[in-house]
Student: 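Structure below; questions to follow.
Chain identifiers are assigned alphabetically (A, B, ...) following the order of the sequence lines, protein sequences preceding nucleic acid strands; residue numbering begins at 1 within each chain.
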Protein chains: 2
Amino acid sequence: MNPTIKDVAKRANVSIATVSRVLNNLGGYSENTREKVMQVIRETGYRPNAVARGLINKRTRTIGVLFPRVSSFFSSGILQGIEEYAHIHDYSIMICNTGGDGNRTLKVLELLQEKQVDGVIFCSSALKTEYVEIMAGMRVPVVLVSSESSYANIPFVRIDNYTAAFEAVEYLIGKGHRNIAMIGGRQEDQLAGVPRLEGYLGALRKHHIPVDERRIIYGDFRYESGYKGFEALLESARDMTAIFAASDEMALGALSAAYKHGIRVPDDISVIGFDGLELSRMAVPPLTTVRQPLVEMGSLAFELILEMIETGEIPEQANIVHHSIVERDSVRTVED
Amino acid sequence: MNPTIKDVAKRANVSIATVSRVLNNLGGYSENTREKVMQVIRETGYRPNAVARGLINKRTRTIGVLFPRVSSFFSSGILQGIEEYAHIHDYSIMICNTGGDGNRTLKVLELLQEKQVDGVIFCSSALKTEYVEIMAGMRVPVVLVSSESSYANIPFVRIDNYTAAFEAVEYLIGKGHRNIAMIGGRQEDQLAGVPRLEGYLGALRKHHIPVDERRIIYGDFRYESGYKGFEALLESARDMTAIFAASDEMALGALSAAYKHGIRVPDDISVIGFDGLELSRMAVPPLTTVRQPLVEMGSLAFELILEMIETGEIPEQANIVHHSIVERDSVRTVED
DNA sequence: TTGAAAGCGCTAACAT
DNA sequence: ATGTTAGCGCTTTCAA
């Protein structure tokens, strides 16, 4: 057995109350006893039991983090940001996969409640009513990342997807492109699918470019769908000179498909991605993309939840962070 | 306040012991009381407090997972495997970044000890003596992934790096290549750096191909070092027809550098990577690589630790899993 | 400056 | 079949 506070108290000839005091720097003891206690702690290698502490303090210094898929390229950046700040503030994080599955999400949420996490960060999934209900029941702060909730006053941090997509397409237009296709996300996806499509549409309208349905393909944000999307566009929109992909993964799929079909990027077709994942930089050719500051989004989410935990107050609900266009080599200028 | 077992007991007109019994399916109550208790639990939305349970059971059903960088492409696969199995067995995982930093690792280990995790999975870092000492002090099972320990009987799961590298190079040789360069990992890295280099050397020797120091460049497993490594090789080993990169990230760097320099892969130079990351499949051209079953390695690690937690016994120490060569499009056959 | 004791929410041994 | 009670390791009154 590892030593407990009792063992330390005994060996130091003091009461456990005194040990607790020096442990928590509460004062109310002589320098002498402090020394003695610290000495024993060092000798025995005593470490306070956070579980016991948690039981009495009702604080575990642990937060739960939910991802649809922890191992996705997208999750990684956010996770890194959360972890970094959590570590600074001596918090631990419990991560959970929801698999984008409602039942599993509920189960995971219940588990986190049982484990008494001090807060939960919920990432890149739509917030269903059932989630909100159980979250309310948990009575712990919740922050959304790359998600949003209109009907509950839950703070969220995300970029402005509409504007970001709008600017991506306007960037293409600025490069002289007129025949711009889009590989979008899921049409049902209100968080990233719809607004990015709207942004595309909006930019075209603003520049009086007619919308052509055949130039729009819907994927699921993943690589394969980008690959297939590109091939589909090859059929339906042969004259396109540029593609706006609603995710970097899909853009990479497009790049691969182009390579497969002997189509050169950006010489024959330009491609702009979305997300600014690390791998966009590693693509061939390096991918021009709309960057979301994923790491910062994670850090900010942690700061928000920390604030809620410590003050009990609900901060500004809408935390819109800045996107930016990262120019690399997958888009070329088209001469008229 | 959320309801406690006391509240449930009171409302159900039974003792807390009875509530505890039905909660844990221990028997010793009538169907009638069971019904009543369950009814109250449903009504109140009661959830047992895992912290209190942990205090008494000395089990938290939580394991700690350490990565040098949780957000790396490499960690992701392992993490996914661990999480999957942890979830099946109703365990939670606490993930920690060590940043490859000794002090931080020690701090994190201490934190995990305080939080009373039931075990720790330590991934892809060399195991220093200090770690082993503090781990021994924690008195919880430890499993290593993509790492190893000779001086402590800690179970580990990894592939056979030497053989895997050997086979990669032999694969290249089988394709007719003789002038094979290598972009290796860090020379000090005993886990992945040295054995993969040795494998390269061994394969050349076996096939009576003289080793040429100028064909060997050392990187750090990351993308940039692969990029630079490729450029360095362009200077020192112009006649190479193939490159064995000790990581997929470095292989991707090489691919990018080749593209930049107008060198076609695999027409001019073939490239084989190592790891089998998801992104190797997304590369242009799709990367031929040596696959480590990362997800399975994570699952296996979890199973091992679960076994240790539940039985208290130490399983087979060496768990060598199978690697395999994934043939894609970055290696071509050379005619003599 | 220090200690005794209550109690956080739960399990488990012991009664009944 | 059910209740009482003693802790698990700690923090925090309240006394001394």
Student: Give the rounded distance in Å between these two atoms: CG of A:L55 and C1' of C:dA6.
Tutor: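 Nearest whole value for this atom pair: 13 Å.
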Student: Counting N and O atoms only, with roles assigned by atom type, does the side chain of B:D118 sit under 3.5 Å from a partner on the main chain of B:T60, one being a donor and the other an acceptor?
Tutor: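 Yes.
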Student: So, is B:S15 close to the D:dG3 phosphate, meaning a side-chain N or O under 4.0 Å from OP1 or OP2?
Tutor: yes
Student: I need the CG-P distance between A:N2 and D:dC10, as an integer number of Å.
Tutor: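 The distance from CG of A:N2 to P of D:dC10 comes to 10 Å, rounded to the nearest Å.
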Student: For C:dG9, does OP1 or OP2 lie under 4.0 Å from any side-chain N or O of A:K58?
Tutor: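 Result: yes.
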Student: For the helix from C:dT1-D:dA16 to C:dT16-D:dA1, how many degrees between its two end axes (five pairs per end), to the nearest 10°?
Tutor: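 Answer for the end axes of this duplex: 40°.
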Student: Before you tell me yes or no, could you show the steps for A:K115 and A:T62 under side-chain hydrogen bond (donor to acceptor under 3.5 Å, both in side chains), namely the whole-Å CA-CA distance, both residues' side-chain angles and the distance that decides it to 0.1 Å?
Tutor: CA-CA 9 Å; A:K115 298 250 167 137; A:T62 300; over 6 Å; no
Student: With a 4.0 Å cut-off on heavy atoms, is A:V51 in touch with a base, just the backbone sugar-phosphate, or nothing at all?
Tutor: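 Nothing, no heavy atom under 4.0 Å.
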Student: Does A:Y46 have any ring-ring contact (aromatic ring centres under 6.0 Å, His included) partners at least two apart in sequence or in another chain, and if so, which?
Tutor: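 For A:Y46 there are no ring-ring contact (aromatic ring centres under 6.0 Å, His included) partners, ignoring immediate neighbours.
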Student: Please confirm whether the shortest side-chain N or O distance from A:T18 to OP1 or OP2 of C:dG3 is below 4.0 Å.
Tutor: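 Yes, such a contact exists.
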Student: Let me spell it out: for each of B:N13 and B:A52, pick the nucleotide of DNA chain D with the closest heavy atom. Which residue's pick is nearer the 5' end?
Tutor: B:N13
Student: Which atom pair, heavy atoms only, marks the closest approach of B:S76 to A:S71?
Tutor: O-CB, 3.4 Å
Student: Looking at residues at least two apart in the chain, or sitting in another chain, which of them share a ring-ring contact (aromatic ring centres under 6.0 Å, His included) with B:Y91?
Tutor: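 If we apply the ring-ring contact (aromatic ring centres under 6.0 Å, His included) test to B:Y91, skipping adjacent residues, the hits are B:F302.
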Student: With the side chain counted from C-beta on, respond yes when A:I134 and A:L106 share a heavy-atom pair under 4.5 Å apart, and no when they do not.
Tutor: yes
Student: Using a strict cut-off of less than 4.0 Å between a Lys/Arg side-chain nitrogen and an Asp/Glu carboxylate oxygen, indicate whether A:R104 and B:E83 qualify as a salt bridge.
Tutor: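 Result for this pair is yes, salt bridge flagged.
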Student: Would you mind checking if B:D90 and A:K107 are paired as a salt bridge, meaning a charged N to carboxylate O distance below 4.0 Å?
Tutor: yes
Student: Rounded to whole Å, please give me the gap between CD in A:E114 and C1' in C:dC10.
Tutor: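 So the CD-C1' distance, A:E114 to C:dC10, works out to 13 Å.
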Student: Which of residues 27-40 of chain B have a heavy atom under 4.0 Å from DNA chain D?
Tutor: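 Those residues are B:G28, B:Y29, B:S30, B:T33.
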Student: Scan for salt bridge (charged side-chain N to carboxylate O under 4.0 Å, His left out) pairs involving residues 138-155 of chain B, sequence neighbours excluded, and state none if there are none.
Tutor: B:E148-B:R158
Student: Is the centre of the B:F67 ring less than 6.0 Å from the centre of the B:F74 ring?
Tutor: no
Student: Using atom names, set out every protein N or O paired with an N or O of nucleotides 11-13 of chain C below 3.5 Å, distance rounded to 0.1 Å.
Tutor:
unit_1, atom_1, unit_2, atom_2, d
C:dT11, OP1, B:N24, ND2, 3.2
C:dT11, OP1, B:R53, NE, 2.7
C:dT11, OP1, B:R53, NH2, 3.4
C:dT11, OP2, B:S20, OG, 2.7

Student: Between B:D189 (side chain only) and B:R186 (backbone N and O only), is there a donor and an acceptor less than 3.5 Å apart?
Tutor: no
Student: Atom CG of A:N49 and atom C1' of D:dC8: how far apart are they, to the nearest Å?
Tutor: 9 Å
Student: Think A:K6 has a side-chain N or O under 4.0 angstrom from the OP1 or OP2 of D:dC8?
Tutor: yes
